[in-house]
Q: 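Structure incoming, see below.
Counting convention: from 1, in listed order, for ligands and their atoms alike. Being a predicted model, the structure only gives us computed values, none of them experimental.
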Amino acid sequence: MISDKMAAAINTQVNREMYSAYLYLAMSAYSESIDLPGFANWFRIQYQEEMVHAFGLYDYLISRDYTPVLLAIEQPPKAFGTPLEIFKAALEHEKKVTAWINELVTMAVAEQDYAAQSFLQWYVKEQVEEEATAKLIIQELKMAGNDGSTLFMINRELGARVFTAPVVGQ
Ligand code: OFO
């Protein structure tokens with residue numbers, strides 16, 4: 001049995017993951033507007049990943065006999081500044097998500113909900129990866145500085161990303 005409190009907290013996280021998806025789609029649209037199609041591709045795939053994160057939580061609630069309640073998704077910003085600033089905003093967002101996941105784990109431990117603790121471990125690991133990836137791209141962008149040809153290379157590298165659907169729990 002999942003407690004109402006734990007279920008409601010996971011339900012809120014479904015909304016936050018959907019907001020993450022929305023935020024990355026906004027970053028993708030913005031990247032298109034500043035002529036960085038590779039960045040746009042990378043963020044569009046990130047949008048897809050976040051939807052997988054959301055559905056992982058959604059399906060978990062269903063498996064625990066809780067009907068997910070779809071909450072309103074906040075409107076993300078429209079503009080994100082320089083290429084470096086976009087990724088800095090992405091990293092800051094991921095740090096927030098990490099804190100939320102950690103809060104869920106803390107709640108699961110307090111409630112002695114071993115199933116939720118085990119399920120949430122995948123998200124804990126995923127956050128380590130998500131933060132590391134954003135940091136790496138930030139480093140590359142810092143090294144590029146104002147060098148247009150390096151930015152061109154990074155744009156091409158980000159454009160090569162392909163979507164491989166993560167499997168929540170594996
Ligand atoms: Fe970006 O990991 Fe989910 O939100």
Q: May I ask you to test the Trp42-Ile137 pair for a side-chain heavy-atom distance under 4.5 Å?
A: yes
Q: Cut-off 3.5 Å, side chains only: do Gln127 and Glu131 have a donor facing an acceptor?
A: no
Q: Which one of Glu50, Met18, Glu49, His93 has a non-hydrogen atom at the shortest distance from atom 1 (Fe) of ligand 1?
A: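 Closest candidate by heavy-atom distance is Glu50.
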Q: When you measure from atom 3 (Fe) of ligand 1 to each N, O or S atom of His53, which atom gives the shortest distance?
A: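 This residue's closest N, O or S atom turns out to be ND1.
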Q: I need the atoms of ligand 1 closer than 4.0 Å to a non-hydrogen atom of Ser20, numbered in the order shown.
A: 4 (O)
Q: Assess, by modelled atom type and distance only, whether the side chains of Glu130 and Gln46 contain a donor and an acceptor separated by less than 3.5 Å.
A: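 Yes, side-chain donor-acceptor contact under 3.5 Å.
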Q: Number the atoms of ligand 1 from 1 as they appear, then name those within less than 4.0 Å of a heavy atom of Val97, with their elements.
A: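 Reading through ligand 1 atom by atom, the close ones are 4 (O).
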Q: Inspect the surroundings of CZ in Arg156 and state if more than 12 heavy atoms from other residues, nucleotides or ligands are less than 6.0 Å away.
A: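 Open.
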Q: Would you say atom 1 (Fe) of ligand 1 has Glu130 as a near neighbour, meaning an N/O/S atom of that residue under 2.8 Å away?
A: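 Yes, Glu130 qualifies, because one of its backbone or side-chain N, O or S atoms lies under 2.8 Å.
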Q: In Glu94, which N, O or S atom comes closest to atom 1 (Fe) of ligand 1?
A: OE2
Q: Is the contact between Gln127 and ligand 1 made by the side chain, the backbone, both, or neither, using heavy atoms and a 4.0 Å cut-off?
A: side chain
Q: Check the pair Gln13, Glu17 against side chain to side chain donor-acceptor pair (under 3.5 Å), reporting the backbone distance first and the verdict last.
A: CA-CA 6 Å; Gln13 190 60 29; Glu17 298 292 344; 2.9 Å; yes
Q: Just how far is it from atom CZ of Phe80 to atom OG of Ser28, taken to the nearest 0.5 Å?
A: 10.5 Å
Q: I'd like to know whether ligand 1 has Glu17 as a neighbour, heavy-atom separation below 4.0 Å.
A: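 The answer is yes, since Glu17 has a heavy atom less than 4.0 Å from ligand 1.
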Q: Got an N/O contact under 3.5 Å between Tyr24 and ligand 1?
A: no
Q: Between Ser20 and His53, does any side-chain donor sit less than 3.5 Å from a side-chain acceptor?
A: no
